[in-house]
Asks: 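Would you mind keeping the following structure in view while I ask a few things?
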Amino acid sequence: MPKSQKEMNTELMLSIHHNLLTAKQSVNNVIDKITDNALKRELKAQFKDYDELSETCEDLARVYEIELTDNTFFKKAKMWFNVNMAMLMDKSNTNIACINILGSTMGVIDLMKVLADSKKCKKELVNLAKSVMSLEERNIEKLKPFVYTESEKMREKTEPAEIEKNNEPLHDKPRKETKKFKQ
C-alpha cells in the first residue's frame with residue numbers, strides 16, 4: 001500500500017533528524033581526542049552547522065506536527081564503541097578525518113534513499129534534506145586535506161630518500177607487471 005504524504009513527511013523528517021543527531025554525536029565522540037587545533041576548529045565549525053540545521057529541523061517538525069525521536073540508547077552506544085575502538089590504536093588526524101568522512105558519506109546515502117522514496121513530501125522538508133546532504137558533502141571536502149596532509153607527513157618521515165632521489169611522488173610511479181591469477 002502506498003504511503004500517505006504524512007507518512008512520507010514523517011519518514012523524511014526523522015531521517016534528517018537522526019542524521020543530524022548522529023553527526024553531532026560523532027563530533028562529540030572525537031573532539032576531546034584531537035590534538036591538532038586546525039582539525040579541532042573544523043569539527044567545531046561542522047558541529048555548529050549541524051546544530052543550526054537541527055534547530056531548523058525541530059522548527060519544521062513543529063509546523064508539520066511531526067514528533068521527533070532521539071537516537072536509541074543502543075545506536076548511541078554502538079557509535080561510541082565503534083569510534084573509540086577505531087581510535088584505540090590510531091588517534092591521528094587521518095583516522096579522525098576518515099571516521100567523520102565515512103559518517104558523512106553514510107548520512108548522504110541514507111538521505112538519498114529516503115528522498116528517492118519520498119515523492120510527495122513537503123518542499124521545505126525536501127529542501128532541508130538537500131541542505132543536510134550539501135553540508136555533509138562540503139564537510140567531506142573540508143576533511144580531505146587532513147587525510148592528505150597526514151599521509152604526506154608520514155610519507156616524508158618514512159621515505160624521504162626515495163622521494164628526493166626520483167624527485168617525484170611515489171604514487172605516480174608506474175606499477176610493475178604482476179602475474180595474473182588463473183580464473
Asks: For the residue pair Arg138 and Leu135, establish whether any side-chain heavy-atom pair is separated by less than 4.5 Å.
Replies: yes
Asks: Would you mind reporting whether Leu39 and Leu143 have side-chain heavy atoms less than 4.5 Å apart?
Replies: yes
Asks: Assigning hydrophobic clusters by single linkage (Ile, Leu, Val, Met, Phe, Trp, Tyr; side-chain heavy-atom cutoff under 4.5 Å), is Ile31 placed with Ile101?
Replies: yes
Asks: First locate atom OG of Ser54, then atom CG of Asp49, and finally report the distance between them rounded to the nearest 0.5 Å.
Replies: 10.5 Å
Asks: Does any N or O in the side chain of Ser118 come within less than 3.5 Å of the main-chain N or O of Cys121, such that one atom is a donor and the other an acceptor?
Replies: no
Asks: Can a donor-acceptor pair be found between the side chains of His17 and Thr69 at a distance below 3.5 Å?
Replies: no
Asks: Indicate yes or no: at least one non-hydrogen side-chain atom of Gln5 is less than 4.5 angstrom from one of Lys122.
Replies: yes
Asks: Taking the side chain as C-beta and beyond, is there a heavy-atom pair between Ser92 and Asn95 under 4.5 Å?
Replies: yes
Asks: Does one hydrophobic cluster hold both Leu115 and Met8, with members joined at side-chain heavy-atom distances below 4.5 Å?
Replies: no
Asks: Determine, for Lys144 against Glu141, whether the closest basic-nitrogen to carboxylate-oxygen distance falls under 4.0 angstrom.
Replies: yes
Asks: Strictly by modelled atom types, are Tyr50 and Asn139 linked by a side-chain donor-acceptor pair under 3.5 Å?
Replies: yes
Asks: Do the side chains of Asp51 and Lys48 get close enough for a salt bridge, i.e. N-O under 4.0 angstrom?
Replies: no
Asks: Side chain to side chain contact (heavy atoms under 4.5 Å, CB included) between Phe146 and Thr94: does it pass, once the steps are laid out?
Replies: CA-CA 6 Å; Phe146 293 100; Thr94 297; over 6 Å; no
Asks: Would you please test Gln25 and Thr22 for side chain to side chain contact (heavy atoms under 4.5 Å, CB included) and show each step?
Replies: CA-CA 5 Å; Gln25 183 186 349; Thr22 301; 5.8 Å; no
Asks: Using a 6.0 Å cut-off, check whether atom NZ of Lys113 has over 12 heavy atoms from anything other than its own residue.
Replies: no
Asks: Measuring from Lys6:NZ to Met13:CE, what's the distance to the nearest 0.5 Å?
Replies: 9.5 Å
Asks: Could you measure the distance from the CG atom of Leu125 to the CG atom of Asn127? Nearest 0.5 Å is fine.
Replies: 9.0 Å
Asks: Establish, from distance only, whether the side-chain atoms of Ser26 and Asn100 form a donor-acceptor pair under 3.5 Å.
Replies: yes
Asks: Before you tell me yes or no, could you show the steps for Leu53 and Ile16 under side chain to side chain contact (heavy atoms under 4.5 Å, CB included), namely the whole-Å CA-CA distance, both residues' side-chain angles and the distance that decides it to 0.1 Å?
Replies: CA-CA 9 Å; Leu53 283 175; Ile16 293 167; over 6 Å; no
Asks: Look at the side chain of Ser15 and the backbone N and O of Glu11, then say whether any donor-acceptor pair between them is shorter than 3.5 Å.
Replies: no
Asks: Can you check whether Gly107's main-chain N or O pairs, donor with acceptor, with Glu136's side chain at less than 3.5 Å?
Replies: no
Asks: Is there side-chain contact between Cys98 and Val147, with at least one heavy-atom pair below 4.5 Å?
Replies: yes
Asks: Can Leu102 be reached from Ile34 by stepping across I, L, V, M, F, W or Y side chains whose heavy atoms are under 4.5 Å apart?
Replies: no
Asks: Do Arg41 and Asn37 touch side chain to side chain, with heavy atoms closer than 4.5 Å?
Replies: yes
Asks: Is there a continuous path of hydrophobic side-chain contacts, each under 4.5 Å between heavy atoms, that joins Met106 to Met112?
Replies: no
Asks: Identify the two heavy atoms, one from Glu137 and one from Val108, that lie closest to each other, and give their separation to 0.1 Å.
Replies: OE2-CG1, 3.9 Å
Asks: If I take atom NZ from residue Lys33 and atom CD1 from residue Ile99, how far apart are they, to the nearest 0.5 angstrom?
Replies: 9.5 Å
Asks: Is there a path of hydrophobic side-chain contacts, each under 4.5 Å between heavy atoms, that joins Leu14 and Val63?
Replies: yes
Asks: If I take atom CG from residue Asn29 and atom CD1 from residue Ile96, how far apart are they, to the nearest 0.5 angstrom?
Replies: 11.5 Å
Asks: To the nearest 0.5 Å, what is the distance between OG1 (Thr35) and NZ (Lys40)?
Replies: 8.0 Å
